Amino acid sequence: MTTRYPFSEIETKWQQYWEDNKVYQTDLSLSENKLYHLNMFIYPSGAKLHTGHWYHYGPSDSWARYQKLKGKNVFEPMGYDAFGLPAENYAIKTGIHPYDSTIANINEIRKQLKRMGCMYDWDAELMTCEPKYYKWNQWLFLQLYKKGLAYRKNAPVNWCPNDHTVLANEQVLSDGTCERCGTSVIQKNLTQWFFKITEYAEQLLEGLDKITWPEKTKLMQRNWIGKSVGAEVNFQINGHNESIKIYTTRPDTLFGATYMVLSPEHPLLDKLTIQKFKDEVQEYRNSIKSLTEIERTSTVKEKTGVNTGAFAINPVNHKKIPIWIADYVLMTYGTGAIMAVPGQDERDWEFAEKFNLPIIRTVQPPSDFEGKAYLEDGPAINSEFLNGLYVEEAKEKIIKWLEKKAIGKSKVNYHLRDWLISRQRYWGTPIPIIYCEKCGEILVDEKDLPVELPYDVHFKPGGESPLINHAKFMNVKCPKCGMDAKRDPDTMDTFVDSAWYYFRFLNPHIDSDPFDKKLAEKWIPVDMYVGGAEHATMHLLYARFIHKFLRDIGYTNSDEPFSHLVHQGTITNQGAKMSKSKGNVVNPDQFIEKYGSDVFRMYLMFMGPYELGGDWSDKGIVGTDRFVQRTYELFNKFPDLLNQVTPKDVYELNQLNENEKLIYKKVNQTIKKYDEEINHFRFNTAIAAMMELLNEMKKLELCSKEIQCYSLKRFAILLAPIAPHLSEECFSILRSKESIFQKPFWFEPDPIALVEDLVSIAVQVNGKLRGTVEVPINSSQNDVKDLLLNDEKIKKHLDEKEIVKEIYVPNKIYNIVVK
RNA sequence: GCCGAAGUGGCGGAAUUGGUAGACGCGCUGGACUCAAAAUCCAGUGGGGCUCACACCUCGUGCCGGUUCGAGUCCGGCCUUCGGUACCA
């Protein structure tokens with residue numbers, strides 16, 4: 001018998017061949033057929049590659065290889081998202097410098113990646129912790145600053161007491177914990193750097209219509225941006241010259257506004273609170289302070305609030321309405337003040353009920369309506385000139401009225417907040433700002449970039465950025481006046497690094513620009529981007545924002561960074577997400593050693609739909625191993641064929657014997673099926689089709705050499721994307737002189753072979769299957785009927801019954817309805 | 001609470017626009033090979049009934065109902081699981 005497939009030797013051999021011959025080096029000057037295939041790069045957080053990484057990168061590479069075979073000039077780079085907290089926390093614990101541990105990890109990961117056998121262009125490798133990379137983060141910061149899109153402000157921010165740093169809103173989970181470490185986040189007032197992503201809110205929303213992304217992801221971004229259309233209305237305060245501006249999406253309900261609520265942080269509060277209410281107001285404000293944002297905004301919490309004693313004037317009917325404060329009104333959205341319309345708003349209804357405030361309905365609910373606040377459409381009531389109008393018409397009319405009287409105007413709001421980018425940590429990009437007592441906040445000059453991150457710092461548990469205590473780094477001369485000044489001790493969020501890295505891959509060594517603009521013109525946008533769904537509202541939103549900004553300053557001609565996006569599913573272990581801290585990480589190395597990289601890759605692809613992921617189990621891996629063994633055996637039975645025969649591209653079916661015909665058809669059917677499946681990332685069904693073909697190949701010994709060669713050539717090519725090493729070996733067993741990927745090619749199926757001449761038609765009586773009949777394809781109804789009436793099994797169900805109706809779907813089904 | 005996705009054999013999972021449910025693989029059962037085992041190969045494998053057997057009957061895609069000649073697929077109402085979100089006026 002043949003020996004087992006010596007995967008270790010063969011995989012090493014081909015990896016060496018690919019590297020020696022630079023098979024996967026992309027010629028970026030040829031952009032005609034370009035396909036930029038990008039995977040979200042690796043975050044080398046201390047752990048090595050685990051099964052989840054494999055699940056992401058392996059199948060994704062198979063898709064890229066398939067595209068290469070189909071004639072695309074594929075660029076598939078890989079790099080390292082090398083800055084970040086884990087390396088620094090590791091340093092605090094062990095004393096090993098983040099730079100050293102990160103480089104060591106990267107070296108290990110690179111080895112593992114090479115063993116996977118992906119077609120990465122290693123000349124394009126990059127890591128974000130190198131000065132030649134992060135220099136351009138600083139450059140980006142300067143450009144944003146110059147356009148007024150990077151600014152510093154004092155604001156309540158999310159602070160993680162464990163990581164000792166602030167977090168962007170997106171990095172706080174819905175249960176109020178830190179996205180990275182799971183600690184409960186608290187609120188602090190701090191002065192921090194922000195990027196003005198809100199400036200692009202509308203464009204970020206509109207751009208979603210132009211890209212082919214999972215609908216789910218686009219919906220998450222839409223919700224995160226959270227556009228709402230409404231109006232701002234000014235309410236005069238009784239007895240003051242001041243007025244309060246409120247925001248509402250329901251200006252049509254103005255006549256139902258029976259009180260007003262301000263955020264406890266509202267700036268006018270001190271001024272308008274009536275003396276005898278002041279103590280209570282102050283007490284309430286103090287009680288709010290100790291609450292976290294999460295506690296304050298919990299929907300299960302009962303409404304609280306206090307009266308200010310002041311009154312506002314409802315501008316439509318000049319009624320005096322009381323002004324309250326309540327923590328459910330947030331200073332950070334809209335104007336920090338609302339008109340309360342309990343008749344049409346559940347929260348306001350709840351509040352009004354609790355504090356005995358008046359309720360007026362201004363939309364007529366249907367007669368059978370039993371709820372409290374009515375939010376649906378209906379005719380306006382109790383609203384004078386709006387009465388009878390439905391919501392949309394009423395809105396239009398009242399806004400016109402408000403604008404004419406200069407009391408209000410239509411207004412659009414977004415939930416999206418500006419991106420908080422400063423971090424009180426060491427292992428990141430230094431912020432290129434100098435503070436001078438005389439000149440204030442000064443930008444580092446572009447020619448002085450990069451502001452290098454010093455190596456010799458001390459890591460102490462307990463918090464402050466190590467940079468603060470690094471005198472040599474901190475103390476500089478002001479670039480403007482030359483006086484003593486200090487650097488900004490903070491570093492940037494690592495999402496800044498990943499917001500533009502796809503540009504840099506095109507030439508990671510360029511020194512004159514952040515990236516090669518000429519190449520970017522041809523190669524950007526990324527054609528296919530593959531990565532985890534957890535980045536839906538963070539990385540994927542930031543990258544789109546930075547892309548649009550780069551476009552606006554003339555650095556790219558495209559609107560969106562990633563035209564197609566696919567999310568691989570998550571591989572869990574016993575239901576839990578794999579993580580080093582949980583200790584449930586499945587190490588792929590043991591499987592590579594036992595079965596080889598092709599088997600492991602194929603198994604991951606065969607497990608189920610790529611977008612779904614699933615719980616890890618190695619139970620089925622022997623199945624793909626058997627497939628690989630049998631394939632290797634098969635090719636070894638027919639060595640040297642390419643030297644012996646030259647098969648034709650197409651064969652006439654009637655010149656083939658029965659076995660040849662069956663094989664020929666199956667080969668071509670498989671090409672078609674496989675092509676469709678893999679093109680849509682349906683690797684599991686593509687592999688199933690290959691397995692079916694392999695089963696059929698048993699008949700190969702009964703075929704001519706030409707058909708043998710014809711079939712095996714095609715089999716090897718189909719194998720190439722999903723088991724690249726095995727495929728190369730199989731092709732060389734046939735005595736091919738070159739690597740498949742050196743001169744990529746693909747076979748189109750012979751359309752004649754795809755047509756079946758006989759079809760089996762399901763015969764139903766009253767919708768129940770009672771038999772099948774074999775007929776030539778496209779048989780007429782009468783022919784089929786003649787046949788089935790001669791079928792004993794079927795006839796039995798028709799005896800002594802009256803046929804009421806017959807349905808015939810050609811080549812599929814014949815249903816007879818009887819009484 | 002709201003938004004989104006998904007529930008199919010012992011297991012992972014297949015099923016164009018409604019048209020033969022369970023492809024492919026794992027596991028299991030039986031057989032071949034072997035001194036024996038492993039590996040490999042061949043055959044069978046949704047549940048229940050009936051039969052010596054072939055056949056046949058019947059029930060089956062989370063639950064209840066509907067549309068249809070025909071529903072895993074469409075519609076209405078639930079249940080469960082998983083993601084996202086959290087009083088955004």
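Every chain is numbered from 1 and lettered A, B, ... according to where its sequence line falls, protein lines coming before strand lines. Everything numeric in this text was worked out from a predicted model, so none of it was measured.
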Worksheet item: Between Glu696(A) and Lys699(A), does a salt bridge (Lys or Arg N to Asp or Glu O under 4.0 Å) hold up when you go through it step by step?
Response: CA-CA 6 Å; Glu696(A) 194 77 4; Lys699(A) 303 189 177 83; 2.9 Å; yes
Discussion item. Does the structure show a Watson-Crick or G-U wobble partner for A32(B), both distances under 3.5 Å? Name it, or say none.
Written reply: U40(B)
Worksheet item: C24(B) and A5(B): how far apart are their C1' atoms, nearest whole angstrom?
Response: 25 Å
Worksheet item: Can you tell me the Watson-Crick or wobble partner of C56(B), both distances under 3.5 angstrom?
Response: G49(B)
Discussion item. Under 3.5 Å for both donor-acceptor distances, Watson-Crick or wobble: does U61(B) have a partner, and if so which one?
Written reply: none
Worksheet item: Rounding to the closest angstrom, what is the interatomic distance between U20(B) and A71(B) at atom C1'?
Response: 14 Å
Worksheet entry | Distance, C1' atom - from G46(B) to A14(B), rounded to whole angstrom | 15 Å
Fill in: Selected nucleotide, minimal atom distance to Glu677(A) side chain, candidates U20(B), A15(B), A89(B)
A15(B)
Worksheet item: Start at the 5' end of RNA chain B and walk down; is the nucleotide closest to Gly767(A) or to Gly623(A) reached first?
Response: Gly623(A)
Fill in: For atom CD1 of Ile807(A) and atom P of G18(B), their distance in whole Å
16 Å
Practice prompt. Indicate whether OP1 or OP2 belonging to A39(B) is found under 4.0 Å from a side-chain N or O atom of Arg626(A).
Written response: no
Discussion item. Is Asn684(A) close enough to A14(B) that one of its side-chain N or O atoms is under 4.0 Å from OP1 or OP2 there?
Written reply: yes
Discussion item. Of the listed nucleotides (G25(B), A89(B), G70(B)), which one gets closest to any side-chain atom of Met691(A)?
Written reply: G25(B)
Practice prompt. Return no unless some side-chain N or O of Ser228(A) is found under 4.0 Å from OP1 or OP2 of A89(B).
Written response: yes
Discussion item. Counting only heavy atoms not in Gln574(A) (residues, nucleotides, ligands), do more than 12 fall under 6.0 Å from its CD?
Written reply: no
Discussion item. At less than 4.0 Å, is any side-chain N or O atom of Tyr333(A) found next to OP1 or OP2 of A89(B)? Yes or no.
Written reply: yes
Discussion item. By nearest atom, which of the nucleotides U58(B), G84(B), G25(B) is closest to the Arg770(A) side chain?
Written reply: U58(B)
Practice prompt. Would you tell me if any nitrogen or oxygen in the side chain of Lys218(A) comes within less than 4.0 Å of OP1 or OP2 on G4(B)?
Written response: no
Discussion item. C57(B), OP1 or OP2 - any side-chain N/O from His797(A) closer than 4.0 Å?
Written reply: yes
Worksheet item: Charged N to carboxylate O under 4.0 angstrom, Glu353(A) versus Lys372(A)?
Response: yes
Worksheet item: Does Asp209(A) come within less than 4.0 Å of Arg222(A), counting only side-chain N to carboxylate O?
Response: yes
Discussion item. Can you check the distance between G62(B) and U58(B), where both ends of the measurement are the P atom (answer in whole Å)?
Written reply: 23 Å
Discussion item. Nearest to the Glu692(A) side chain among C3(B), A23(B), G12(B), which nucleotide is it?
Written reply: A23(B)
Item to complete: In plain terms, say whether Glu676(A) and Lys672(A) are close enough for a salt bridge, that is, a side-chain N and a carboxylate O under 4.0 Å apart.
Response: yes
Item to complete: For atom CD of Glu611(A), decide whether the heavy atoms of other residues, nucleotides or ligands shown that lie under 6.0 angstrom number more than 12.
Response: yes
Discussion item. What's the gap between C59(B) and G22(B) when it is taken at their C1' atoms, as a whole Å value?
Written reply: 16 Å
Worksheet item: Taking atom P of A23(B) as reference, at what distance in whole Å does atom CZ of Phe606(A) sit?
Response: 11 Å
Item to complete: Can you tell me, in whole Å, how much space there is between the C1' of G60(B) and that of G47(B)?
Response: 7 Å
Item to complete: Please state whether the phosphate of C69(B), meaning OP1 or OP2, lies under 4.0 angstrom from any side-chain nitrogen or oxygen of Lys805(A).
Response: yes
Item to complete: Scan Asn413(A) against the nucleic acid and name what it touches under 4.0 Å (heavy atoms): base, sugar-phosphate only, or nothing.
Response: nothing
Worksheet item: Which nucleotide in the set A21(B), A14(B), G25(B) lies at the smallest distance from any side-chain heavy atom of Thr685(A)?
Response: A14(B)
Fill in: Base of U17(B) paired with side chain of Lys812(A) (donor-acceptor, under 3.5 Å)
yes
Worksheet item: Does OP1 or OP2 of C82(B) have a side-chain N or O of Lys216(A) closer than 4.0 Å?
Response: no
Item to complete: For nucleotides A6(B) and C41(B), find the distance between their P atoms and express it as a whole number of Å.
Response: 37 Å
Practice prompt. Considering only atom C1', compute the distance from U8(B) to U80(B) and round it to an integer number of Å.
Written response: 15 Å
Response to the item:
Residue pair Ala689(A)/Glu346(A) against RNA chain B: nearer the 5' end by closest nucleotide is Glu346(A)
Worksheet item: Is the shortest side-chain N/O distance from Asn695(A) to OP1 or OP2 of G25(B) below 4.0 Å?
Response: yes
Worksheet, complete the sentence: Among U85(B), C11(B), G25(B), the one nearest any side-chain atom of Lys619(A) is C11(B)
Worksheet item: Is C24(B) paired to anything, Watson-Crick or G-U wobble with both distances less than 3.5 Å, and if yes, which nucleotide?
Response: G12(B)
Worksheet item: Does a salt bridge link Lys665(A) with Glu756(A), judged by any charged N lying under 4.0 Å from a carboxylate O?
Response: yes
Response to the item:
Which of G4(B), A89(B), U20(B) is nearest the side chain of Leu330(A)? It is A89(B)
